[in-house]
Protein chains: 2
Amino acid sequence: MKKKISINDIAQQLGVSITTVSFILNGRAQEKRISEKLVKKVLDFVQEVNYKPSSLARSLRTGKTNIIGLMVEDISDPFFSAIARAIEAIAYQSGYKIIYCSTENATEKTRELIAMYNERHVDGYIIVPPEGVEQDIKLLLDTGKPVVLIDRYLPAIDTDFVVVDNEKSAYDATCHLIANGYKNIAFVTIDSLQPQMLDRLSGYEKAMQANGLPQLVKEIAYKSSEQAMQHIAAFIDRKKEVDAIFFATNYLCVSGLKATAGKGINIPQSIGVVSFDDYELFELYSPSITTVSQPTDKIAEHAINLLISRLKKAVSDKKFQKIILPTSLIVRKSSVR
Amino acid sequence: MKKKISINDIAQQLGVSITTVSFILNGRAQEKRISEKLVKKVLDFVQEVNYKPSSLARSLRTGKTNIIGLMVEDISDPFFSAIARAIEAIAYQSGYKIIYCSTENATEKTRELIAMYNERHVDGYIIVPPEGVEQDIKLLLDTGKPVVLIDRYLPAIDTDFVVVDNEKSAYDATCHLIANGYKNIAFVTIDSLQPQMLDRLSGYEKAMQANGLPQLVKEIAYKSSEQAMQHIAAFIDRKKEVDAIFFATNYLCVSGLKATAGKGINIPQSIGVVSFDDYELFELYSPSITTVSQPTDKIAEHAINLLISRLKKAVSDKKFQKIILPTSLIVRKSSVR
DNA sequence: TTGAAAGCGCTACCAC
DNA sequence: GTGGTAGCGCTTTCAA
């Protein structure tokens with residue numbers, strides 16, 4: 001079992017000072033006018049013994065870890081995992097590492113995770129915030145840690161965020177259903193007060209109102225996929241007049257599909273279907289499902305670039321950016337008759 | 001912008017020594033016979049100012065980070081994300097944090113990631129190893145870092161691992177197809193020499209051989225989902241005699257499904273389908289797809305418990321555990337006619 | 001019972 | 001151009 005080698009060992013072996021080695025390692029040799037052959041000698045030796053500076057010690061000293069904390073709702077949700085991978089890729093190129101976790105949209109768990117990340121001294125955060133974490137995020141901001149919110153924002157918190165135009169997206173999707181002759185369009189959502197959900201609801205409501213159609217909103221208190229399925233099944237049974245359903249999230253739609261699967265309900269003939277968030281399953285399902293597709297790559301790109309630019313400049317310019325991206329409606333078979 | 005508080009501040013404010021505070025914080029008050037009221041005073045104050053010890057400094061001093069590095073092939077693959085979440089949950093309960101990343105099964109990327117994790121001083125590793133990282137893992141082991149391999153093992157490396165019985169699983173799944181009257185069963189896999197793939201192939205071969213049936217293996221040089229789809233489509237076009245396909249991984253099956261989707265091929269009548277790894281999509285697809293389901297929770301549980309037990313005992317007992325778990329065949333509509 | 005101080009590995013200020 | 005050294009925040013040995 002080998003011992004870990006330190007900068008001290010390097011200096012000792014080479015008969016130079018620690019300082020010199022440190023400068024060379026940090027690319028400040030030129031600036032410090034250290035002789036080329038000394039530089040080469042040190043670099044070669046470092047290479048030879050495969051020395052890696054301890055990032056722990058370095059971070060303790062500099063106060064920076066080059067680690068970004070990414071907190072999404074559920075890393076196994078394809079929407080979030082797509083964003084996570086894109087963020088990771090860009091961050092790596094800039095020398096930042098990402099550590100990520102799932103909040104499960106649970107306030108308590110998220111608060112603990114923020115505390116843990118804080119303890120680990122991550123340099124900055126990208127967060128998909130559940131309700132009730134305003135204070136914790138404010139604390140982060142107060143201690144000078146930049147925070148970029150994605151997917152949704154917190155009205156009470158003034159910071160950068162990247163979201164999509166939920167209201168317009170929902171409005172357009174609803175209009176698409178209406179244009180295809182559906183009249184009794186139900187909106188199935190979760191019982192959440194989060195702005196992105198409220199915006200989607202509002203888009204649906206405005207579209208229905210604009211067309212003089214009756215609104216029918218079903219709020220699911222989401223506990224599990226199984227339970228959601230049962231509630232949606234019961235809803236469909238009860239509301240015979242419904243001829244189309246607009247699901248506010250991909251997992252609600254999946255539950256809805258499971259609910260209809262056994263019943264011999266014909267999509268899109270008897271019921272039209274549109275879902276928020278795209279998903280491989282929706283493309284392959286029979287019939288394929290029309291979706292509101294969010295630009296995951298763009299969201300990731302904006303979020304990480306925003307964060308990195310904050311990290312780069314010590315000066316925290318108080319002008320926060322609120323980025324709102326458009327979505328695209330992918331029309332498939334489930335909504336056209 | 002508040003300043004971060006340190007153990008020094010605590011000691012100062014309370015007029016006691018740093019040592020005392022440290023002992024109390026680390027639960028060694030009793031052992032050190034520190035008076036109860038001092039303990040309470042310190043704890044209360046710590047609570048009040050919301051002091052969190054710097055894990056950086058602590059780790060630098062103790063040499064432990066309580067962080068476990070988890071490297072899977074692709075965090076957005078449902079099979080791996082299920083394992084990741086389960087591991088994360090158990091680890092948290094034992095005070096360990098998980099940091100994870102995707103290797104994309106790329107040797108170079110994985111080697112870099114291992115180096116990065118090593119720099120970050122993670123205490124131990126759970127790795128889904130691609131080919132060609134034997135030396136890097138050996139190095140880890142040599143420096144005393146425990147490594148648990150999952151999903152597959154490296155024949156050249158002697159360490160703990162948790163895998164499933166791939167050969168028997170493939171054998172049974174193939175027999176299931178045979179029992180349902182399929183005779184020209186193709187095995188679609190990736191061109192990999194990794195043991196888990198070889199074992200699956202071997203299971204298929206033995207089953208076909210035992211039943212006197214002709215073997216037909218299609219190896220895909222997997223580059224992308226799109227390219228795989230085209231190759232599989234071409235394969236199906238060319239081999240008209242094939243009446244069933246056994247896909248060696250879930251993503252191959254998804255590509256296969258996309259390939260057949262346009263062609264009006266009737267599953268399970270004209271072609272039977274079975275896939276390795278379960279997936280929500282396979283349950284909801286029409287027809288639903290028969291799968292070899294791996295016990296993700298059990299894999300996660302064994303892996304993390306194995307690793308934690310290694311971490312706990314400084315003595316590294318040389319007896320490595322090789323755990324082989326059974327899978328279950330979930331029979332759905334795609335393979336029964 | 002409590003405290004002083006060494007030292008984990010590194011960066012960066014200041015001296016020469 | 002190069003080196004000495006303080007100190008980041010903590011744990012732990014030894015002393016009192």
Side-chain angles (χ1 to χ4, degrees), chain A residues 2-43 46 49-67 118-121 123 143-144 314, chain B residues 2-43 46 49-67 118-121 123 143-144 314:
Chain A
K2 308 182 190 178
K3 256 256 326 281
K4 191 93 180 149
I5 193 167
S6 86
I7 194 172
N8 224 318
D9 303 323
I10 306 277
Q12 210 113 77
Q13 305 263 334
L14 259 31
V16 296
S17 88
I18 296 182
T19 312
T20 310
V21 177
S22 175
F23 281 145
I24 293 175
L25 257 27
N26 290 301
R28 303 180 54 188
Q30 193 117 24
E31 168 191 343
K32 295 292 172 180
R33 310 166 57 98
I34 295 173
S35 72
E36 290 216 3
K37 67 173 214 276
L38 214 196
V39 170
K40 184 167 168 16
K41 185 169 151 198
V42 170
L43 255 24
V46 160
V49 298
N50 190 31
Y51 163 72
K52 304 274 186 222
S54 159
S55 53
L56 234 37
R58 174 180 291 172
S59 295
L60 180 60
R61 183 61 233 243
T62 61
K64 324 221 113 303
T65 54
N66 277 356
I67 295 181
N118 203 15
E119 264 175 70
R120 294 273 155 214
H121 301 267
D123 289 345
T143 50
Chain B
K2 309 182 188 178
K3 255 254 326 280
K4 190 95 180 148
I5 192 168
S6 87
I7 195 172
N8 223 318
D9 304 323
I10 306 277
Q12 210 113 76
Q13 305 263 336
L14 258 33
V16 295
S17 87
I18 295 182
T19 315
T20 309
V21 177
S22 176
F23 282 147
I24 293 174
L25 256 28
N26 289 302
R28 303 178 56 187
Q30 193 118 22
E31 168 191 343
K32 294 291 173 182
R33 309 165 57 99
I34 295 173
S35 71
E36 291 216 1
K37 67 174 214 274
L38 214 197
V39 170
K40 183 165 170 16
K41 185 169 152 195
V42 170
L43 255 24
V46 161
V49 298
N50 190 30
Y51 163 72
K52 304 273 186 223
S54 160
S55 53
L56 235 38
R58 174 180 292 172
S59 294
L60 180 60
R61 185 60 234 247
T62 60
K64 322 222 115 303
T65 54
N66 277 356
I67 294 180
N118 202 17
E119 264 176 70
R120 295 273 156 210
H121 301 267
D123 289 345
T143 49

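Numbers restart at 1 for each chain; the letters A, B, ... are given by sequence-line order, proteins then strands.
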Shortest non-hydrogen separation from B:A11 to B:S17 and the atoms involved: CB-C, 3.8 Å
Check: A:S59 side chain, A:S55 main-chain N or O, donor-acceptor pair, under 3.5 Å: yes
Side chain proximity check, B:L56 to A:T65, heavy atoms < 4.5 angstrom: yes
Nearest-nucleotide 5' precedence on DNA chain D, A:S35 against B:N8: A:S35
Separation of atom CD1 in A:I5 from atom P in C:dC10, rounded to whole Å: 10 Å
Any side-chain heavy-atom pair of A:Y51 and A:L25 under 4.5 Å: yes
Heavy-atom side-chain proximity of A:I67 to B:R120 below 4.5 angstrom: yes
Test side chain to side chain contact (heavy atoms under 4.5 Å, CB included) applied to A:T20 and A:V42, step by step: CA-CA 9 Å; A:T20 310; A:V42 170; 5.7 Å; no
Nearest-angstrom distance from the residue atom NZ of A:K64 to C1' of C:dC10: 16 Å
Shortest non-hydrogen contact from A:G63 toward A:D123: O-OD1, 4.2 Å
Phosphate-side-chain proximity, A:T20 and D:dG3, N/O vs OP1/OP2 below 4.0 Å: yes
OP1 or OP2 of D:dC10 under 4.0 Å from side-chain N/O of B:S54: no
Gap between atoms CD and P, on B:Q12 and C:dA4 respectively (whole Å): 11 Å
Which nucleotide in C:dG9, D:dC10, D:dG1 has an atom nearest any side-chain atom of A:L60: C:dG9
Side-chain N or O of B:S17 closer than 4.0 Å to phosphate OP1/OP2 of C:dG3: yes
Sugar-phosphate, base or nothing in reach of B:S55, heavy atoms under 4.0 Å: nothing
B:L56 CG - D:dC8 C1' separation (whole Å): 9 Å
Distance in angstrom units between B:I24 CD1 and C:dG3 C1', rounded: 13 Å
Whole-Å gap separating C1' (C:dT2) and CD (B:Q30): 17 Å
Under 4.0 angstrom between A:Y51 side-chain N/O and C:dC10 OP1 or OP2: yes
Contact check, side chains of B:N26 and B:R58, non-hydrogen atoms, under 4.5 Å: yes
Heavy atoms of other groups near A:E31 CD, more than 12 under 6.0 Å: yes
Axis bend over the full length of the helix from C:dT1-D:dA16 to C:dC16-D:dG1, computed from five pairs that close each end, to 10 degrees: 50°
Separation of C:dC8 P from A:D9 CG (nearest whole Å): 10 Å
Heavy-atom protein contacts under 4.0 Å, nucleotides 11-16 of chain C, coded B base, S sugar-phosphate only, - none: BBB---
Value in whole Å for how far the C1' atom of D:dC8 lies from CD of A:E119: 17 Å
Heavy-atom side-chain contact between A:L14 and A:L38 under 4.5 Å: no
